[in-house]
Every structure is written in structure tokens, then in C-alpha cells.
Amino acid sequence: MSPLSRRALLSHLARLSAASAFAPLLDVAAAPAERGFTPPRNLLVLFHPNGFEQGWKPAMTDGALSLGPTLAPLEAFKARLLVTYGLKAGIRHEVQAHTEGMTSMLTGALIQKADAYAAHPSFDQLVAEKIAGASPLPSLELGVQTQVGFGAGSNAAVMTYSRAGKLPPQDDPNAAFMRLFGKAATPSELMQARARRQSVLDLVRADLAKVRALAGAEAASKFDAHAAGLRALETRLDALSRVRCDGAYQRHALNDWQLGASERFPLLAELQAEVAVLALTCGVTRVVSLQLANSLSDRRIPGVNPNVGLHTVMHSGTRAEKLAINRYFAGLGASVLSKLAAAQRDDGSSLLDETLVVWGSEMAIGNHLNDPVPFIVAGGARPGEGYFHQGRLLEVEHQRTTRLLISAMHAFGLTGTTALGDLKDDLSRGPLPGASRVAP
């Protein structure tokens, strides 16, 4: 190839790289099943504080999951749930249960003093390292009043960690939206941004044909494969437009006081759930965490616990008060699943089919009980095609929560992971027995 042709080829390939930012949208719609299951495309981590009141355990009745009063708001999704019962938290009561619970919950990290932060990355960040690819954001951390009131700014208000340290959640949904989309703040502006993105793809596809002619027969197959990938990307972008990527979120003018007011908790939870689903729908990131309050939060949520703080109720409230809070958080979880399920693709699948939801708490109940810590897994593939055996209750003994997180990592292909953080004993190592429908 002459120098001129070589320079031309490099120039065309440089322009081709403009499409790389959209590569995350390519891979899962047509991803082949591996080892007998379809891997999830996205991860959404959901947290609510202080566990569930004793007696929350569901049952299996005639082979079907029976959720009971605590988890009743999830009834519409029970066939998509794996509910675990019996898992132990990484709480040793050597420091303080709430801070130990939060710092170890997703990391397996053990702390030696009350104000310490985890020294290990959380499992979601390890998954992000694996699957983020060219996503504009490796991950997105969202919160609902995690950094206001009791516990704000402490290690009890953080659950996600990168290798560099803590990742406090963003409590302001408008700030999170701006991080995702910058100045494209209205539906029409987002549509214009998508049009520009598609026009770049058209340009690259045209240029690719020219490059193919210069490259010769030996490289033709590689260029053909790339052209097929661009076509798949265009198809997926078109599919995204039909799930209303541009119009799902309406910005709200909330001042600092309103962002911290207890009575705004339900609104903020709804807005942050919309932002989380929008981020995944639009392919801006593939890993999102949504932290509902913090471990020491004493929010007084309207219609739930209007007279006594959340933390106080979970410590010493009546069973009816605790159940009301539990059902409220179960309802928020159901709302997130509903939003994921409502994002439909042309082939009949949904964003819930693409997104593995891992939902848990830092302890069994707010009075520092270690176990059983509630953890639920939902979605991730079409029913019966995913890594996890769903529509059932999995009762375990003498197993830590890290084993379920390791199972989730294996679902994303991180099969070399056998332990998290400092929890490396026999209770903590390896995937959780019985969680997978395909693994031994």
C-alpha cells in the first residue's frame, strides 16, 4: 500500500473511532448464550436500610413463591425473583453494626474503627470494570437523602467503592440528569443529540466502504464484520427511540431544603428511579446503584412513619410500624422493576430482561441483628434463560452475603472471582450454592 493510501486509511479509521462511544449498545441484544444461560447486559444495585422485620420470610407453596405480607408489593414480579433467606452480614460487632454493615455489604471489607471506610472495591465496580466498555459513564451512583440528616457524610451513608475509594451517591436527581446528558435537558434537545449521533454513524458507514476498497481482500472480512456491527448499532438506536429514551424524565426545581425534607422522600425516590432507568435505557452507563437513605437515617416518610424516624422505628417500634416501612421499601423496589419492565424492545423483551437487579440491605433488622440479611435478585434475562434460578425462595445456612454477590459477578463472566474484600473464609468464598440454575 502506498504512503498516501496508508495515510488515507488511518484518516478514515480515525473517523471510524467516533462510533466507539456507542459500542455498549451493540453487544447484548444479540449476545450468544454462554454456558447454558444468557448473560445480563446491565447491573442495577438497590439498597434499603435496616433490613426487614422478623417474619418476612416468604414460602414455597405448590412449587410457587408465596411472598407474604412484607413482600406483597412485589407480587407481579414473583416469577422473576430469587429471594434468599439466611444470609449473614459482614458484621462482627467489633466496631459499630451500622457502619460495619454498610462498609462490608457490597465490598466484603472489614473495618477496624468506627469512622473508617472500606479498603476494597464493591462488587458493582468490579462488574463495571468488566462490562463498561466505551460507555460514557462507567457507573452511576444515585441516592435518596443519603447525605442529609443523621448519618450524613459518614461511612454509614456510602455503600459503593472504586479501587480509589468511596463513591458517595448523588442525591439530587437534576444534578444526576445533567451528568448523564449535559446540556441536553429537554426531550427535543435529546432527540437532536440522537439525530447527530445517527448522522455520525451514517458518515462512518459510508467511509468504511471507502476504507474497505483501500484495504484489500485480506482485511475485507474484518471490515464487513465492523459494518455489520454498525448496522446492529443503528438498529439498536432506533429501538431506543421507541422506548422513549428522550422523554422519560421531567426535571423538577428543588432547592437544598426540599432535597433534604422528609416529606420529599417519596418524590425523590420516584425521580431517582426514573434517572436510573433512563441511564440504562439510553446506554449512557451499564451499572447503576440506587441507595434509598442511609443506615442511620431517621427520615419521617409521609404516610409511612410520619411521627417517628425510620431508624428509631426499626430499632424499637411496633411490628406494625416496622411492617409499614418494609412494605414501603418493597413498593419502591416494585416500582423500579415496573419501570424496567415498561421499557419494551421490538422483539418483546424489556430492559428488565437485560438488567440484573441485586437488592439488599446492610443487616437483618435495624436493631443490629446480623442475620438473616434480606437479599433479592431479579431480572437479568428472559424468564428461564438467565444465570439465576428465579421464582423461588433459597434458604441457606452459614453463608455470607458475599457469596450471592460473587454469583452475580459470575453471571457477568467474572468467573475467576472467588472472594470479596477481607471475607475469605469458607462462609464467604465462591458462588452461593443453589442460586444458579446452570452452575453445579
Between Phe123 and Leu43, is the side chain to side chain contact (heavy atoms under 4.5 Å, CB included) condition met? List the steps.
CA-CA 10 Å; Phe123 93 102; Leu43 172 65; 3.9 Å; yes
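- For the pair Leu137/Arg179, a side-chain contact is recorded, criterion being any heavy-atom separation below 4.5 Å from C-beta on.
- For Ala324 against Val304, the heavy-atom pair with the smallest separation is O-CG1, 3.8 Å.
- Under a 3.5 Å cut-off, the side chain of Ser335 and the backbone N or O of Gly331 do not form any donor-acceptor pair.
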Donor-acceptor contacts under 3.5 Å from residues 58-81 side chains, at least two apart:
from  : atom 1 : to     : atom 2 : distance (Å)
Glu75 : OE2    : Lys78  : NZ     : 3.0
Lys78 : NZ     : Leu65  : O      : 3.4
Arg80 : NH1    : Asp353 : OD1    : 3.4
Arg80 : NH2    : Asp353 : OD1    : 2.9
Arg80 : NH2    : Ala381 : O      : 2.7

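- Between Val275 and Leu271, every side-chain heavy-atom pair lies at or beyond the 4.5 Å cut-off.
- Taking every heavy atom of both residues into account, Pro431 and Tyr387 meet most closely at CB-OH, 4.2 Å.
- Among residues two or more places apart in sequence or in another chain, the salt bridge (charged side-chain N to carboxylate O under 4.0 Å, His left out) test is passed with Asp422 by none.
- Side-chain contact between Val148 and Gln145 is present, with heavy atoms from C-beta onward closer than 4.5 Å.
- Of the possible polar contacts, one joining the Gln291 side chain to the Ala293 backbone as a donor-acceptor pair under 3.5 Å is found.
- By the 4.5 Å heavy-atom criterion applied to side chains, Pro169 and Leu142 are not counted as neighbours.
- The shortest heavy-atom contact between Ala176 and Gln272 is CB-OE1, 4.4 Å.
- For the residue pair Asn294 / Ser297, no side-chain donor-acceptor distance below 3.5 Å is found, with atom types taken as modelled.
- In this structure, Gln258 places its CD atom where more than 12 heavy-atom neighbours from other residues, nucleotides or ligands lie under 6.0 Å away.
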For a side chain to side chain contact (heavy atoms under 4.5 Å, CB included) check, start with the C-alpha distance between Leu310 and Phe329, then their side-chain angles and the critical distance, and finish with the verdict.
CA-CA 11 Å; Leu310 187 159; Phe329 283 120; 3.6 Å; yes
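- Other residues, nucleotides and ligands contribute only 12 or fewer heavy atoms inside 6.0 Å of the CG atom of Asp426.
- A distance-only check finds no donor-acceptor pair linking the side chain of Arg299 to the backbone of Asn305 [under 3.5 Å].
- Looking at Arg403, its side chain does come within 3.5 Å of a backbone N or O of Gly430 through a donor-acceptor pair.
- One finds the CD1 atom of Ile365 at 4.0 Å from the CD atom of Glu53 (value rounded to the nearest 0.5 Å).
- Distance alone, capped at 3.5 Å, places no donor-acceptor pair between the Glu129 side chain and the Leu126 backbone.
- Side-chain contact between Glu100 and Leu110 is absent, with no heavy atoms from C-beta onward closer than 4.5 Å.
- If you run salt bridge (Lys or Arg N to Asp or Glu O under 4.0 Å) between Glu354 and each of Arg286, Arg382, Arg345, only Arg345 comes through.
- A side-chain donor from one of Gln125 and Glu141 sits under 3.5 Å from a side-chain acceptor of the other.
- No side-chain heavy atom of Leu340 sits under 4.5 Å from any side-chain heavy atom of Ser350.
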Side chain to side chain contact (heavy atoms under 4.5 Å, CB included) evaluation trace for Asn326 with Met314
CA-CA 9 Å; Asn326 295 167; Met314 295 306 290; 3.6 Å; yes
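- When atom types are taken as modelled, the side chain of Gln96 and the backbone of His93 share no donor-acceptor pair closer than 3.5 angstrom.
- His315 is linked by a ring-ring contact (aromatic ring centres under 6.0 Å, His included) to His98, His311, His368, counting only residues two or more places apart in sequence or in another chain.
- When Arg400, Lys88, Lys57 are each tested for a salt bridge (Lys or Arg N to Asp or Glu O under 4.0 Å) with Asp371, only one passes: Lys88.
- In terms of heavy-atom proximity, Ala411 sits nearest to Phe388 at CB-CE1, 4.3 Å.
- Side-chain atoms of Asp298 and Thr312 include a donor-acceptor pair closer than 3.5 Å.
- Using a 4.5 Å heavy-atom threshold, the side chains of Leu404 and Thr84 count as touching.
- Between Phe265 and Tyr328, the ring planes are tilted. Angles from 30° to 60° get that label.
- Rounding to the nearest 0.5 angstrom, the gap separating the OG atom in Ser154 from the CG atom in Asp115 is 9.5 Å.
- Closest of all the heavy-atom pairs between Pro372 and Gly86 is CB-N, 3.3 Å.
- Side-chain atoms of Leu46 and Leu44, non-hydrogen and from C-beta on, do get closer than 4.5 Å to each other.
- When the shell of 6.0 Å around NE2 of His398 is examined, it contains 12 or fewer heavy atoms from other residues, nucleotides or ligands.
- Checked by atom type and distance alone, the side chain of Thr160 pairs as donor or acceptor with a backbone atom of Leu167 at under 3.5 Å.
- Judged by a 6.0 Å distance limit and a 45° cone about the ring axis, Lys130 is not positioned over the six-membered ring of Phe412.
- Within the 3.5 Å criterion, the main-chain N or O of Leu432 finds a donor-acceptor partner in the side chain of Ser407.
- Separation of atoms CH2 (Trp359) and CD1 (Ile376) is listed at 4.5 Å; rounding is to 0.5 Å.
- A side-chain donor-acceptor contact under 3.5 Å links Asp172 to the backbone of Asn174.
- Applying the 6.0 Å contact sphere to OH of Tyr85 captures more than 12 heavy atoms from other residues, nucleotides or ligands.
- Geometrically, Lys166 does not engage Tyr161 in a cation-pi contact, judged by NZ or CZ lying under 6.0 Å from the ring centre and within 45° of the ring axis.
- The closest donor-acceptor contact from the side chain of Asn42 to the backbone of Leu280 lies at 3.5 Å or more, if one exists at all.
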Between Leu292 and Thr146, does the side chain to side chain contact (heavy atoms under 4.5 Å, CB included) criterion hold? Intermediate values first, please.
CA-CA 7 Å; Leu292 302 171; Thr146 67; over 6 Å; no
